[in-house]
Enquirer: 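Structure provided below as structure tokens; questions to follow.
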Amino acid sequence: MATSEALVPRRRGGLSRRRAITFYLLISPWLLGFILFTAGPMLFSFWISFQDYAIVNPPIWIGLQNYATLLEDPLVGVSLYNTLYYTILAVPLAMTTAMVLAMLLNQRFRGIALYRTIFYLPTIVPVVASTILWMWIYQPEWGLLNTALKMLGIPGPGWLNSEAWSKPALVLMAVWGSGGTMIIYLAGLQGVPEQLYEAASIDGATTWQRFWNVTIPMMTPTIFFTLVLGIIGSFQVFTVAFIATNGGPLDSTLFYMLYLFRNAFFFAKMGYASAMAWVLLVILLGLTAIQFAIAPRWVYYEGERRDTR
Amino acid sequence: MRSAARPSLVVAGQRSVIRLAHLRRRVNSSAIYLALVALSVVFVLPFLWMVSTSLKANRQIFLFPPEWIPNPLIWENYPAIFTFAPFHLYTLNTLIITVATTFGSLLSCSLVAYGFARFEAPGSRILFMLLLSTMMLPSIVTLVPHFIIFTRLNWIDTFLPLIVPSYFASPFFVFLLRQFFLTLPRELEDAVAIDGGGVLATWWHVMLPLSKPALGTVAIFSFLGHWNDFVGPLIYLNSEEKYTISIGLRVFQQQHSVEWALLMAASTLMTLPCIVIFFFAQQHFVKGIALTGIKG
């Protein structure tokens with residue numbers, strides 16, 4: 001980032017004022033969009049969270065009532081638990097899978113592009129299509145998974161129809177879709193300088209030692225980045241559960257965003273849904289802040305390399 | 001362990017060590033290759049199962065063990081989905097939305113990115129940090145207010161809530177294009193400026209032609225993003241003749257919940273354009289992600 005500022009020559013007087021005006025004119029679409037579609041709606045949402053509001057009637061100020069209800073609402077607790085459960089499993093598993101795939105792809109094999117394509121493909125499939133596909137794979141009697149288990153003589157669980165297996169089933173779908181993270185890791189791996197590996201080899205490091213002492217440290221900035229975004233994304237898991245289970249069975253896949261969606265668009269409780277959204281925003285801000293605070297302990301930035309390119 | 005070995009023995013020993021290392025490397029790389037093949041089979045199997053099921057009649061679906069290549073191949077599921085639901089209409093709607101949003105994204109994001117890449121002003125750094133931080137903002141916070149605003153504007157059941165925001169630049173694409181613009185040499189822009197060309201002329205005649213690969217990446221991401229979008233159309237579109245493919249497929253799934261062959265045919269059809277686009281533009285994906293991913 002530092003290079004960009006260095007590239008822009010500093011000029012003084014009228015010219016720099018003209019350039020400043022040009023800058024603001026050029027970025028005006030984003031700035032306007034930020035005000036109209038992000039900052040404005042956020043403030044509006046915060047205000048709505050103190051109202052009883054169903055759109056058809058004018059909003060009624062009820063103070064902190066929505067937040068008080070939220071604390072006592074058992075389904076908020078259930079949906080937060082489900083979301084946490086899903087995040088704790090899905091994020092690390094998908095990241096590990098992505099790293100394994102990226103390591104495998106970071107080799108000189110013929111036809112490596114084909115394998116890269118295969119691993120990436122699940123992420124470009126429309127979520128609706130892939131969810132319907134997985135519903136068929138998980139179908140207890142005739143689905144691919146239980147058929148395969150049956151051939152091995154193992155009776156398969158009910159997957160999406162089972163309270164115990166519904167969340168792991170959705171986690172598995174997330175792991176199948178880890179190709180996006182894989183490409184990010186692959187790009188990171190190809191940025192690790194070859195000399196580091198050579199130096200490690202000369203020092204007698206084994207493959208495993210090279211992985212732990214060269215690859216992983218050099219990859220920590222990328223891992224950190226995908227962890228932060230992965231958690232934020234995972235806390236908003238919605239579409240798969242909406243289509244595959246609609247929260248069931250027995251609320252076992254009622255995720256936070258699904259419950260928020262129901263409150264907003266089925267029960268028309270706009271104030272309550274807004275309060276829920278703000279609670280989640282605070283939770284995510286807290287989690288992200290903690291991650292940034294812990295980051296210096298494990299994320300390795302090599303001073304000069306950070307700003308190249 | 002030092003022995004007073006004669007030189008020839010030492011050489012022979014070294015040779016066998018080297019041979020052993022070669023052998024180990026070959027065993028290692030075969031193991032890696034095997035793992036690669038095995039994992040790719042696991043990843044691709046769901047797709048094969050989808051296509052296979054879409055070519056089956058009902059009685060073939062419930063065979064044990066399952067047939068991977070259906071005998072006979074039943075093609076009738078594909079025309080059948082069009083008689084059950086107006087998928088041609090859904091496709092047209094989706095195309096209108098995708099093309100309009102992709103055009104809007106390219107236009108607005110390249111302008112904004114040009115500003116951030118080449119111009120400095122009081123507050124420009126802070127604004128860029130703000131732009132980056134909005135990339136992390138969970139969209140859940142703006143879901144309800146957006147719906148209320150668009151309801152007030154009477155935009156419900158039109159394409160406008162899905163299209164208009166893309167004309168106001170999305171942070172991810174701005175970031176991606178800015179990163180690309182920074183890699184371009186400034187000489188050409190200076191030449192245009194000396195010839196009396198304005199900022200917009202430079203943007204149009206220099207930056208955009210030089211940035212075709214990055215613009216291609218943005219176009220593809222934008223296209224796929226809107227082609228696959230589910231939550232937006234779910235909230236804003238009510239009448240069937242306005243449905244996009246993803247909503248149409250969802251309704252189709254609810255109506256034919258156990259007709260797996262039909263559902264798999266519909267899913268295959270919806271997936272096909274994405275896969276075709278991906279195969280034609282693979283490099284764009286990898287480069288685009290590398291451009292933004294590395295920098296974090």
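Computed from a predicted model, the values in this text were never measured in an experiment. Proteins come first, then strands; the chains are lettered A, B, ... in the order of their sequence lines, and each starts at number 1.
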Enquirer: Among A20(A), S274(A), G233(A), who wins on heavy-atom pairs under 4.5 Å with chain B?
Expert: A20(A)

Enquirer: What part of L272(B) gets closer than 4.5 Å to chain A, counting heavy atoms only: side chain, backbone, both or neither?
Expert: neither

Enquirer: Is the side chain of R118(B) donor-acceptor paired with the backbone N or O of F23(A) at a distance under 3.5 Å, no angle test?
Expert: no

Enquirer: Please confirm whether the backbone N or O of S139(B) pairs with a side-chain atom of Q236(A), one donor and one acceptor, at under 3.5 Å?
Expert: yes

Enquirer: M50(B), R250(B), Q253(B): which one forms the most heavy-atom pairs within less than 4.5 Å of chain A?
Expert: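 Maximum pair count with chain A is reached by R250(B).
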
Enquirer: Considering only heavy atoms, which portion of L25(A) lies under 4.5 Å from any heavy atom of chain B: side chain, backbone, both, or neither?
Expert: neither

Enquirer: Using a cut-off of under 4.5 Å for heavy-atom pairs, which of A129(A), G33(A), A148(A), G40(A) has the most such pairs with chain B?
Expert: A129(A)

Enquirer: Heavy-atom distance under 4.5 Å to chain B: side chain of W278(A), backbone, both or neither?
Expert: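 Only the side chain of W278(A) comes within 4.5 Å of chain B.
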
Enquirer: If I take atom CZ from residue F168(B) and atom OG from residue S28(A), how far apart are they, to the nearest 0.5 angstrom?
Expert: 9.5 Å

Enquirer: Check each atom of T134(B) against the heavy atoms of chain A and say whether the ones under 4.5 Å are side chain, backbone, both or neither.
Expert: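 It is the side chain, since no backbone atom gets that close.
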
Enquirer: Among the options P46(B), P273(B), C274(B), pick out the one with the most heavy-atom pairs lying under 4.5 Å from chain A.
Expert: P46(B)

Enquirer: Measuring heavy-atom distances to chain B, does I48(A) have an atom under 4.5 Å in its side chain, in its backbone, in both, or in neither?
Expert: side chain

Enquirer: What part of F224(A) gets within 4.5 angstrom of chain B, counting heavy atoms only: side chain, backbone, both, or neither?
Expert: neither

Enquirer: Below 4.5 Å from any heavy atom of chain B, which atoms of F261(A) appear? Answer side chain, backbone, both or neither.
Expert: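 For F261(A), side-chain heavy atoms alone lie under 4.5 Å from chain B.
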
Enquirer: Side chain from CB out, backbone as N, CA, C, O: work out which of these in L144(A) comes under 4.5 Å of a heavy atom of chain B, or both, or neither.
Expert: both

Enquirer: At a heavy-atom separation under 4.5 Å, does Y53(A) approach chain B through its side chain, its backbone, both, or neither?
Expert: side chain

Enquirer: Check whether L114(A) gets within reach of chain B through its side chain, its backbone, both or neither, counting any heavy atom under 4.5 Å.
Expert: neither

Enquirer: What part of M270(B) gets closer than 4.5 Å to chain A, counting heavy atoms only: side chain, backbone, both or neither?
Expert: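 Contact with chain A: backbone and side chain both.
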
Enquirer: Using 0.5 Å steps for rounding, measure from the CG atom of L36(B) to the CE atom of M103(A).
Expert: 12.5 Å

Enquirer: Keeping H146(B) on the side-chain end and P41(A) on the backbone end, is there a donor-acceptor pair under 3.5 Å?
Expert: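 Side chain of H146(B) to backbone of P41(A), a donor-acceptor pair under 3.5 Å: no, none is there.
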
Enquirer: Could you grab the distance from atom OG of S40(B) to atom CZ of F119(A), nearest 0.5 Å is fine?
Expert: 5.0 Å

Enquirer: With a 4.5 angstrom heavy-atom cut-off, is it the side chain or the backbone of L260(A) that approaches chain B, or both, or neither?
Expert: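 Only the side chain of L260(A) comes within 4.5 Å of chain B.
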
Enquirer: Looking at side-chain heavy atoms only, is the closest gap between I140(B) and F235(A) below 4.5 Å?
Expert: no

Enquirer: Look at F230(B), F279(B), W260(B) and state which one has the largest set of heavy-atom pairs under 4.5 Å with chain A.
Expert: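 Going by pairs under 4.5 Å, I would pick W260(B).
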
Enquirer: What's the spacing between R178(B) CZ and I27(A) CD1 if we round to 0.5 Å?
Expert: 12.0 Å

Enquirer: From F34(A) CZ over to L127(B) CG, what is the distance, rounded to the nearest 0.5 angstrom?
Expert: 9.0 Å

Enquirer: Using every non-hydrogen atom in the two residues, find where M42(A) and V141(B) come nearest and quote the distance to one decimal.
Expert: CG-CG1, 4.2 Å

Enquirer: So I21(A) and F119(B), do their side chains get closer than 4.5 Å, heavy atoms only?
Expert: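 No, every pair of side-chain atoms sits at 4.5 Å or beyond.
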
Enquirer: Evaluate the side-chain proximity of P138(B) to L284(A): yes if any heavy-atom separation is below 4.5 Å, no if none is.
Expert: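 Yes - at least one pair of side-chain heavy atoms lies under 4.5 Å apart.
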
Enquirer: Between I243(A) and chain B, which part of the residue has a heavy atom less than 4.5 Å away: side chain, backbone, both or neither?
Expert: both

Enquirer: Output, in order, the C-alpha distance, side-chain angles, deciding distance and verdict of side-chain hydrogen bond (donor to acceptor under 3.5 Å, both in side chains) for W136(A) and T53(B).
Expert: CA-CA 9 Å; W136(A) 173 221; T53(B) 306; 2.8 Å; yes

